[in-house]
Trainee: 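I have a structure I would like to understand better, so I am pasting it below and will then ask my questions one at a time.
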Amino acid sequence: MSRDEPVEVKHYIQHRYPREINFCALCGGAMTSRIVLPDRRRQRVCSRCGYVAFLSPKLVAGCLVVENGRVLLLLRRAVEPQLGRWTFPGGYVDLGESPAQAAARETLEEVGMDVRVENLLGLYWSEPRPPTVVAVYLAAPTDKPPRTSEEASEVAYFAPELIPWKEIAFRTTRAALRDWTAARQAARTNF
Ligand SMILES: [Zn+2]
């Protein structure tokens, strides 16, 4: 295969992280389980060069695009995992960009919208394969309407009472949407 040929992400391979890190990313030496100072926690350590692989969750960032404080944008996933289910735009934070930048970039890529990223709604954690922390930002739409893409087969705004709870993609999506609807409810009650 040519190195310029794009590759598809094979999720069954990605799911092997972090359990199956067998070789050092720096020198190719065998990784072993060792107690590491100063906190004496067990980590994977290279038996050849001593590189410690501090394993941590993958960071994902996404936007809850809210129009006029009333409806929020969801997309129907056109890719695995959770193909066909609804979530908000988001994806992995790349090295060199802030979580807020990543959230805005993913929103532009997935639904074609330039958004104004506002407050952090919350951090949502999910254990399974690979372990993930999702930073969810509230964002306001600018002039361009949302569109579908290779990653989104459908996009739509939902009022809180019309959120398709049975077709939500991820546990973290559900938790963020719950927090948003609860906050809206609280704001309404306080007025
Ligand atoms: Zn090494």
Side-chain angles (χ1 to χ4, degrees), residues 6 8-9 11 14 57-191:
E8 296 235 32
V9 178
H11 292 281
Q14 300 303 113
K58 301 283 289 178
L59 182 59
V60 167
C63 283
L64 277 195
V65 182
V66 178
E67 194 175 58
N68 299 325
R70 291 201 317 268
V71 288
L72 95 174
L73 185 87
L74 294 177
L75 63 90
R76 196 191 279 281
R77 291 177 59 81
V79 289
E80 292 288 358
Q82 299 291 334
L83 181 120
R85 290 180 159 255
W86 293 92
T87 188
F88 47 81
Y92 288 127
V93 179
D94 288 336
L95 285 178
E97 66 181 352
S98 71
Q101 286 169 337
R105 173 182 56 71
E106 290 285 347
T107 304
L108 183 61
E109 288 170 11
E110 294 184 358
V111 298
M113 294 177 89
D114 264 317
V115 291
R116 197 174 61 248
V117 176
E118 297 173 338
N119 300 334
L120 183 68
L121 174 71
L123 287 175
Y124 299 88
W125 180 74
S126 153
E127 185 166 22
R129 306 185 304 164
T132 301
V133 170
V134 187
V136 182
Y137 291 90
L138 295 171
T142 54
D143 47 359
K144 258 196 281 177
R147 54 140 177 82
T148 58
S149 67
E150 275 182 17
E151 294 170 82
S153 59
E154 199 179 334
V155 289
Y157 278 103
F158 291 90
E161 59 276 13
L162 296 175
I163 290 172
W165 292 108
K166 288 192 176 143
E167 294 177 65
I168 294 299
F170 304 102
R171 213 146 41 108
T172 47
T173 316
R174 187 179 300 274
L177 294 181
R178 278 220 190 96
D179 281 355
W180 180 73
T181 50
R184 260 188 53 84
Q185 194 68 44
R188 233 191 275 163
T189 320
N190 291 340
F191 273 110

Trainee: Over all heavy atoms of both residues, which pair between P141 and V66 is shortest? Give the atoms and the distance, please.
Mentor: CD-O, 3.3 Å
Trainee: State whether the side chain of E167 and the backbone N or O of P164 hold a donor-acceptor pair below 3.5 Å, judged by distance alone.
Mentor: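 Between the backbone of P164 and the side chain of E167 there is no qualifying donor-acceptor contact (under 3.5 Å).
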Trainee: Between R178 and W180, is NZ or CZ placed under 6.0 angstrom from the six-membered ring centre and within 45° of the ring axis?
Mentor: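 No, R178 and W180 do not form such a contact.
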Trainee: Is there a side-chain contact between L177 and I168, using heavy atoms and a 4.5 Å cut-off?
Mentor: yes
Trainee: Please step through side-chain contact (heavy atoms from CB on, under 4.5 Å) for the pair T172 and W125, ending with a clear verdict.
Mentor: CA-CA 7 Å; T172 47; W125 180 74; 5.9 Å; no
Trainee: List the steps, then state whether side-chain contact (heavy atoms from CB on, under 4.5 Å) holds for V93 with K58.
Mentor: CA-CA 8 Å; V93 179; K58 301 283 289 178; over 6 Å; no
Trainee: Decide yes or no for Q82 and T173: does some side-chain heavy atom of the first lie under 4.5 Å from some side-chain heavy atom of the second?
Mentor: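 No - every pair of side-chain heavy atoms lies 4.5 Å or more apart.
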Trainee: Could you pull out the closest heavy-atom pair between V117 and A100, with the gap in Å?
Mentor: CG2-O, 3.9 Å
Trainee: Between P57 and T132, is there a side-chain heavy-atom distance shorter than 4.5 Å?
Mentor: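 T132 vs P57: side chains apart.
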Trainee: If you compare all heavy atoms of Y92 against all heavy atoms of A102, which two are closest, and at what distance to 0.1 Å?
Mentor: O-CB, 4.4 Å
Trainee: Output the distance between atom CZ (R174) and atom OG1 (T87), rounded to the nearest 0.5 Å.
Mentor: 10.5 Å
Trainee: From R105 CZ over to S98 OG, what is the distance, rounded to the nearest 0.5 angstrom?
Mentor: 10.0 Å
Trainee: Quick one: are H11 and V9 in side-chain contact, heavy atoms under 4.5 Å?
Mentor: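 They are in side-chain contact.
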Trainee: Does any part of the side chain of L123, heavy atoms only, come nearer than 4.5 Å to the side chain of V134, both counted from C-beta?
Mentor: no
Trainee: Could you check whether any side-chain heavy atom of F158 comes within less than 4.5 Å of a side-chain heavy atom of W86, counting everything from C-beta outward?
Mentor: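 They are in side-chain contact.
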Trainee: Measure the spacing between CG of L138 and CZ of R116 and express it to the nearest 0.5 Å.
Mentor: 12.0 Å
Trainee: Spell out, as yes or no, whether a donor-acceptor pair under 3.5 Å connects the side chain of T142 to the backbone of D114.
Mentor: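 The answer is yes, because a donor-acceptor pair under 3.5 Å joins these two groups.
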Trainee: On a heavy-atom basis, which atom in A78 and which in S153 lie closest, and how many Å separate them?
Mentor: CB-N, 3.7 Å
Trainee: Testing L108, L73, V155, D143 for side-chain contact (heavy atoms from CB on, under 4.5 Å) with M113, which one passes?
Mentor: L73
Trainee: With salt bridge (Lys or Arg N to Asp or Glu O under 4.0 Å) as the test, pick out the partner of E154 among R147, R76, R85.
Mentor: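 Of the listed residues R147, R76, R85, the salt bridge (Lys or Arg N to Asp or Glu O under 4.0 Å) partner of E154 is R76.
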Trainee: Between R77 and E151, does any side-chain N to carboxylate O distance fall below 4.0 Å?
Mentor: no
Trainee: What's the separation between atom CG in L74 and atom CG in L162, rounded to the nearest 0.5 Å?
Mentor: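 CG of L162 is found 11.0 Å from CG of L74.
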Trainee: Rounded to the nearest 0.5 Å, what separation is found between the CG atom of N119 and the CG atom of L64?
Mentor: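 If I round to the nearest 0.5 Å, the distance is 12.0 Å.
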Trainee: Locate the shortest heavy-atom distance separating P160 from T181; write the atom from each residue and the value.
Mentor: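 Closest approach of P160 to T181: CB-CG2, 3.8 Å.
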Trainee: Quick one: CZ on F88 to CG on L72, what's the gap to the nearest 0.5 Å?
Mentor: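 Going from the CZ atom of F88 to the CG atom of L72 covers 9.0 Å.
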Trainee: With a 4.5 Å cut-off on side-chain heavy atoms, are Y157 and P145 touching?
Mentor: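 No, side chains not in contact.
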Trainee: Identify the two heavy atoms, one from E110 and one from G90, that lie closest to each other, and give their separation to 0.1 Å.
Mentor: OE2-O, 3.0 Å
Trainee: So do the side chains of V111 and T148 get within less than 4.5 Å of each other, counting heavy atoms only?
Mentor: no
